[in-house]
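Presented below is the structure to which this report refers.
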Amino acid sequence: MRNAGLPEPRGPQGGDPRGDDPLERAVWRLRSRACWDDAAALLAPRAAAEPGPALQRTAVLTERCMFTKEGWGAAEDALRAAEALATDDEERGAAACERGHLAYASTLLGVRDRADEARSALGRAAALLAPGSPNRPLLHFRRGLIAQHLSDNPSDATAAFERAHAGATAQGQRLLLSFTWRHVAAMAEHEGRLAEARYGFAESLRIREELGYLVGIAPALASLAAVLDDPGEAARLREEAARLVRLLGGIPGWLAEQLAPAATSPD
């Protein structure tokens, strides 16, 4: 199976990840442009005492790990702090979901095998989060990632991604919806349903462009290019993806490596 997604970041909850609060908007601008350390620094004062910002800071630093393969210690420290601040089942479940995701990323990127920890943490999150929790779609998505990339179980992955997609749609979680479109499309591609794959990858790209999620646009372009029938259009999308990766200083690193030959010889 072509790894269409590789590790994906956690999407902020709600319809618009940019939020209405000036701090949230500033964090989003930095995060979407791969300035994770600056975003984490903005969150630090509130994260010292408030569970929500502490968890958001963890997500920002985990995203940095996934795009750069660096900063694992800082993400782990932030996660432990968020876990310590959690006071109810919803907050503890959300923190467990973050632990599962960090452990998954560590395993996928070959830093350290934490697959058992990832599965255990997500199972704990499932037990803690209420059925109608806004964190449920994200939990389904992350269980799908484990089924897809660690367990090599396409049927379980597809079912989890579809549950996540339905939940993100119902709750208006647009950034998460861009992730679910992307992975539903990847499963369709794996099964040879290329028209569905093209549609899903195009929807993911559209949402990310609308949200201004710059760091996620290049992977979306590359995935769509891989399922297009027109070689010229596919080459154009790969070139645009390579341009964005260069603009962000070679981030994401795994995509920079994939695009290097295409950037040299698009044919």
Side-chain angles (χ1 to χ4, degrees), residues 4-36 38-40 42-43 52-53 55-68 75 94 97-98 100-102 104-105 122 125 129 133-145 148 160-187 199-224 241 244 248 251-252 255:
L6 282 172
E8 285 281 7
R10 174 186 186 273
Q13 303 301 329
D16 189 340
R18 294 166 293 194
D20 296 323
D21 180 82
L23 176 61
E24 289 183 9
R25 298 188 73 86
V27 168
W28 171 252
R29 284 195 298 271
L30 291 166
R31 177 187 173 200
S32 64
R33 288 159 178 76
C35 301
W36 297 289
D38 292 337
L42 282 183
L43 287 165
L55 203 62
Q56 186 180 4
R57 186 169 183 270
T58 299
V60 165
L61 291 172
T62 299
E63 183 171 303
R64 176 179 183 262
C65 294
M66 293 187 296
F67 276 96
T68 68
C97 192
E98 289 302 320
H101 195 45
L102 182 60
Y104 156 79
L122 294 186
L129 295 174
S133 166
N135 286 297
R136 276 278 169 183
L138 180 63
L139 173 62
H140 291 317
F141 176 70
R142 288 176 171 174
R143 296 185 105 169
L145 290 178
Q148 181 184 15
F161 291 143
E162 289 176 349
R163 286 194 296 271
H165 188 77
T169 301
Q171 297 193 28
Q173 297 176 4
R174 295 185 67 211
L175 186 57
L176 179 56
L177 191 60
S178 84
F179 304 152
T180 59
W181 268 124
R182 180 168 166 75
H183 284 269
V184 167
M187 302 315 295
Y199 182 81
F201 286 135
E203 283 297 289
S204 177
L205 174 61
R206 177 184 64 79
I207 293 170
R208 292 180 178 196
E209 288 178 335
E210 289 177 355
L211 292 176
Y213 186 51
L214 185 62
V215 75
I217 290 176
L221 286 166
S223 291
L224 180 58
L244 288 173
L248 293 173
I251 294 173
L255 185 58

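Just so you know, these numbers come straight off a predicted model, no measurement behind them.
We find that Glu98 and Arg142 are joined by a salt bridge, their nearest charged nitrogen and carboxylate oxygen being less than 4.0 Å apart.
You'll find the side chain of Leu145 reaches within 4.5 Å of the side chain of His183, heavy atoms only. Counting only heavy atoms from C-beta outward, the side chains of Val215 and Arg33 never approach each other to under 4.5 Å. The shortest distance between side-chain heavy atoms of Leu175 and Ile207 does not fall below 4.5 Å. Between Arg206 and Glu210 the shortest side-chain heavy-atom distance falls below 4.5 Å. Within the 4.5 Å cutoff, the side chain of Trp28 has heavy atoms near those of the Tyr213 side chain.
Scanning both residues, Leu42 and Ala26, for their nearest heavy atoms gives CD1-CB, 3.8 Å. Between Ala222 and Ala241 the shortest heavy-atom distance is N-CB, 4.3 Å. Pairing each heavy atom of Ala168 with each of Pro137, the nearest pair is N-CB, 3.8 Å. Shown here for Ala34 and Leu248, the closest heavy-atom pair between the two residues is CB-CD2, 4.4 Å. Across Ala164 and Phe141, no two heavy atoms sit closer than the pair CB-N, 3.5 Å. Contact between Ala75 and Thr58 at its shortest, heavy atoms only, is O-CG2, 4.3 Å.
A distance of 10.0 Å separates CD of Glu209 from OG of Ser204, quoted to the nearest 0.5 Å. Here the CG atom belonging to Asn135 is positioned 8.5 Å from the CD atom belonging to Gln171, to the nearest 0.5 angstrom. If you take NE2 on His101 and CG on Leu138, they are separated by 7.5 Å, rounding to the nearest 0.5 Å. Atom CH2 in Trp36 sits 6.0 Å away from atom CD in Glu63 (nearest 0.5 Å). Taking OG1 of Thr169 as the reference point, atom CG of Leu177 lies at 4.5 Å (rounded to 0.5 Å). For the atom pair CZ (Arg57) and OG1 (Thr62), the distance works out to 10.5 Å, reported to the nearest 0.5 Å.
Residues passing the side chain to side chain contact (heavy atoms under 4.5 Å, CB included) test with Ala185 are Phe201, sequence neighbours excluded.
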Stepwise side-chain contact (heavy atoms from CB on, under 4.5 Å) check, Arg182 with Arg208: CA-CA 11 Å; Arg182 180 168 166 75; Arg208 292 180 178 196; 3.7 Å; yes

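Partner Val27 forms a side chain to side chain contact (heavy atoms under 4.5 Å, CB included) with one of Leu43, Asp38, Asp21 and no other, that one being Leu43.
One N or O on the side chain of Arg136 and one on the backbone of Leu129 form a donor-acceptor pair closer than 3.5 Å. When atom types are taken as modelled, the side chain of Gln173 and the backbone of Gly167 share no donor-acceptor pair closer than 3.5 angstrom.
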